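Chain letters run A, B, ... following the sequence lines, proteins first, then strands; residues in each count from 1. Just so it is clear, the structure is predicted and the values come from calculations on it, not from any experiment. Hydrogens, waters and symmetry mates are skipped; everything else that's a heavy atom, side chains included, is used.
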Protein chains: 2
Amino acid sequence: MSSELTAPGTGPAGAAPTLSEVAKRAGVSSITVSRVVRMPDLVAPETRARVERAMRDLGYVPNLVAGALASARTNSVGVLVPTIANSIFADTVQGLSDKLEPLGFSVILAQSRYDAAREDRMLAALLSRRPEAIIMVGSPATEEGSRLLRNARIPIVETWDLPANPIDAVAGFDNYKAGVAVAKHLVAQGRKQLAFIGGDDPRGTRRWFGFRDEALASGLAEPRRLILDRKDSGSVAAHARLPGVDAVFAANDAHAIGFMSGLRKAGLLRDGPASAQPVAVIGLGDLEMGQLISPTLSTISVHGDAIGRTAATLTLERGGERRVDLGFELVLRDSG
Amino acid sequence: MSSELTAPGTGPAGAAPTLSEVAKRAGVSSITVSRVVRMPDLVAPETRARVERAMRDLGYVPNLVAGALASARTNSVGVLVPTIANSIFADTVQGLSDKLEPLGFSVILAQSRYDAAREDRMLAALLSRRPEAIIMVGSPATEEGSRLLRNARIPIVETWDLPANPIDAVAGFDNYKAGVAVAKHLVAQGRKQLAFIGGDDPRGTRRWFGFRDEALASGLAEPRRLILDRKDSGSVAAHARLPGVDAVFAANDAHAIGFMSGLRKAGLLRDGPASAQPVAVIGLGDLEMGQLISPTLSTISVHGDAIGRTAATLTLERGGERRVDLGFELVLRDSG
DNA sequence: TCACCTCATGTTAGCGCTAACATGAAACAA
DNA sequence: TTGTTTCATGTTAGCGCTAACATGAGGTGA
């Protein structure tokens with residue numbers, strides 16, 4: 001234990017050592033130390049060894065804050081998601097961070113909680129850290145947010161959607177088409193009374209429009225739409241609010257599974273195939289869980305991690321195609 | 001579209017405006033602009049209005065990189081988790097970020113992927129950004145990681161566990177006791193052949209020890225232990241590898257649900273209460289999903305978001321109790 | 001011999017901001 | 001009047017690093 005009072009560690013005394021302290025100890029100039037850290041090949045082996053020794057002795061940890069200011073490169077990207085808990089967006093964050101971390105980029109994470117004002121605040125907060133790119137789920141909710149991003153002059157990747165007029169780059173899929181695909185499938189199955197349950201966020205709403213338009217185009221009555229709070233276990237009770245419905249598209253798998261749980265209580269769930277289900281249920285997201293429950297969940301599968309990795313790539317390469325449609329897949333199992 | 005070639009935005013031309021450009025435009029010194037941003041009360045209303053006007057005109061976004069260097073405060077915290085996708089740790093990240101973001105702190109997120117070398121690299125990367133605290137799941141896997149953290153002289157919060165010799169602060173629960181509690185319950189239920197399925201990470205292993213020790217202390221044979229890869233859907237097939245077992249503790253709910261899915265295929269799952277189950281299953285984490293499936297999942301409930309919020313608090317207040325046991329709860333439903 | 005490389009290292013200036021200390025005007029008390 | 005306080009604003013220096021440009025030693029070719 002050292003005699004310093006500085007809590008909580010017990011390492012080298014006093015403030016964190018700087019480049020020039022290392023330089024002094026190694027008997028070189030600070031730029032040489034900087035080179036040992038960043039471009040070791042440019043330094044003679046003996047000098048390098050001496051510097052490395054000094055760094056180890058002092059427990060030197062480079063200060064990237066200072067480095068970033070001097071070089072105008074922060075090696076960081078800002079990531080904005082509605083929410084990270086219990087959310088498929090976690091896959092996207094994982095995907096992009098797996099791609100970016102090995103390259104020396106750090107991820108600065110912010111959550112908007114589906115709140116436009118908070119989104120704007122978080123965007124401003126992110127930008128004030130001068131990230132080299134911003135990756136966000138969806139598009140800015142306000143004109144102000146949009147302006148901030150445009151003025152930042154860095155790559156901006158919008159994900160989980162395919163906006164018509166993106167700020168810069170896009171990695172997502174067509175939520176409208178996903179709704180269409182589900183409606184088509186249910187119609188082909190002979191379902192008549194469709195309903196949609198989910199949030200009224202932009203992407204959920206686009207799914208709803210696709211779903212509704214296709215149902216109408218097929219000559220069905222307009223589907224019911226039940227807007228649920230996030231984290232609403234209300235999906236469990238949703239069935240009671242949808243009398244007569246024989247097919248449901250849930251905007252995400254969690255809602256779908258909750259809805260199925262309600263169906264089970266009502267005696268309307270079978271362990272057999274889709275054709276045996278009094279009420280068909282299709283989710284979106286393809287949670288692993290969907291394959292483990294009974295009946296297994298039919299769902300729109302979306303590759304959240306691929307969205308993240310693609311977004312990371314779009315962040316790094318400024319040329320080339322700036323709009324990547326990663327598509328989706330209707331995965332049919334036993335629920336509908 | 002402006003005439004600038006700078007992609008991708010079309011905002012004010014050229015590089016991002018600086019404090020002193022705003023100052024020049026408003027006819028004040030730069031420190032006054034700085035005050036308008038950080039301590040507006042110290043600036044006369046008219047001056048403030050003039051400066052705010054200039055900031056808006058120029059689209060000024062403060063540069064926190066420079067500010068951090070000058071003030072030696074980055075207003076950021078480093079967060080290290082094993083993984084964020086499909087993971088209960090996302091709750092913790094959400095909890096701490098909900099607490100820290102309103103205070104102006106940013107979250108720098110890194111993932112170790114349960115890899116000690118990567119963990120050390122990520123810790124070094126985090127520290128080089130000079131966060132004002134580090135919050136991590138578990139404890140450093142290596143001596144090197146531990147040293148780095150001790151030398152950093154910032155609050156360090158270890159979570160999801162209660163290490164005997166923490167570096168600084170702790171917000172978690174006793175994984176050993178969780179294992180004990182599950183074993184006790186299963187023994188009381190009259191189960192004889194226990195088994196544990198899950199990973200061999202430090203926390204999973206502590207759960208296993210508690211589970212095993214209690215089983216042995218109750219006079220049962222040593223439980224089987226099946227080590228599964230993460231993301232192993234192997235949990236589905238686990239039952240086949242555990243002949244004769246009548247009670248299983250899964251280190252997390254995902255494994256528990258997968259295992260139940262295997263039981264169902266084997267005809268060993270009932271829709272009735274725990275007493276009717278040929279094989280009792282207890283999970284850990286209390287995923288919402290566990291209440292939606294049938295039979296409902298008995299589980300050790302842990303408040304991931306409370307862990308995150310508590311960790312955030314420990315980060316901000318350096319005095320007071322540095323060890324918070326958030327406990328756990330054995331939630332009994334129908335699976336065991 | 002000289003011009004001209006290459007290589008290893010150094011010098012200088014400055015990134016954009018803030019801490020700490022100054023300044024000067026106005027207000028007020030004795 | 002003079003000193004003292006308060007308030008609004010300014011000046012100066014420097015945070016720790018890196019870009020850009022020296023410098024000087026040693027080698028190379030004609």
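The interatomic distance linking A:R38 (CZ) with D:dG16 (C1') rounds to 12 Å, in whole Å. If you take CG of A:L69 and P of C:dT18, they are 12 Å apart, rounded to a whole angstrom. A:N63 places its CG atom 9 Å from the C1' atom of D:dC15, with the value rounded to the nearest Å. Rounded to whole Å, the distance from CE on A:M39 to P on D:dC17 is 16 Å. Spacing between atom CG of A:N75 and atom P of D:dT18 amounts to 11 Å, rounded to whole angstrom units. Remark: P of D:dC15 and CG of B:L19 are 19 Å apart, rounded to the nearest angstrom. Residue A:R73 contributes atom CZ, which lies 10 Å from atom P of D:dA19 at whole-angstrom precision. Between the CG atom of A:L64 and the P atom of D:dC17 there is a distance of 10 Å, given to the nearest Å.
Ranked by how close their nearest DNA chain D nucleotide is to the 5' end, A:S34 and B:S71 are led by B:S71.
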Residue pair A:T83, B:Q94: steps toward the side-chain hydrogen bond (donor to acceptor under 3.5 Å, both in side chains) verdict
CA-CA 7 Å; A:T83 156; B:Q94 167 133 208; 3.0 Å; yes
Worked verdict on B:K24 versus B:E21 for salt bridge (Lys or Arg N to Asp or Glu O under 4.0 Å)
CA-CA 5 Å; B:K24 192 177 297 169; B:E21 292 174 55; over 6 Å; no
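Looking at A:R309 and A:D98, no side-chain N of the basic residue comes within less than 4.0 Å of a carboxylate O on the acidic one, giving no salt bridge. Under 4.0 Å is where a charged nitrogen must lie from a carboxylate oxygen, and between A:R118 and B:E101 at least one such pair does.
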Return a single string for nucleotides 7-12 of chain D, one symbol per nucleotide in 5' to 3' order, where B is base contact, S is sugar-phosphate-only contact and - is none, cutoff 4.0 angstrom on heavy atoms.
-SBBB-
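Taking side-chain N and O atoms only, B:Y60 has no distance below 4.0 Å to OP1 or OP2 of C:dG16.
End-to-end axis angle of the helix from C:dT1-D:dA30 to C:dA30-D:dT1, using five pairs per end and rounding to 10°, comes to 40°.
Side-chain contact annotation: B:T74 with B:R129, donor-acceptor N/O pair under 3.5 Å absent.
Applying the side-chain hydrogen bond (donor to acceptor under 3.5 Å, both in side chains) test to residues at least two apart or on different chains, the pairs with a partner in residues 63-73 of chain A are A:R73-A:E132.
Here the closest non-hydrogen pair linking A:V36 and A:E52 is CG1-CG, 4.0 Å.
Note that the OG atom of A:S139 and the CG atom of A:L149 stand 9.5 Å from one another [nearest 0.5 Å].
A:T92 places a side-chain N or O within 3.5 Å of a backbone atom of A:G304 that can act as its donor or acceptor partner.
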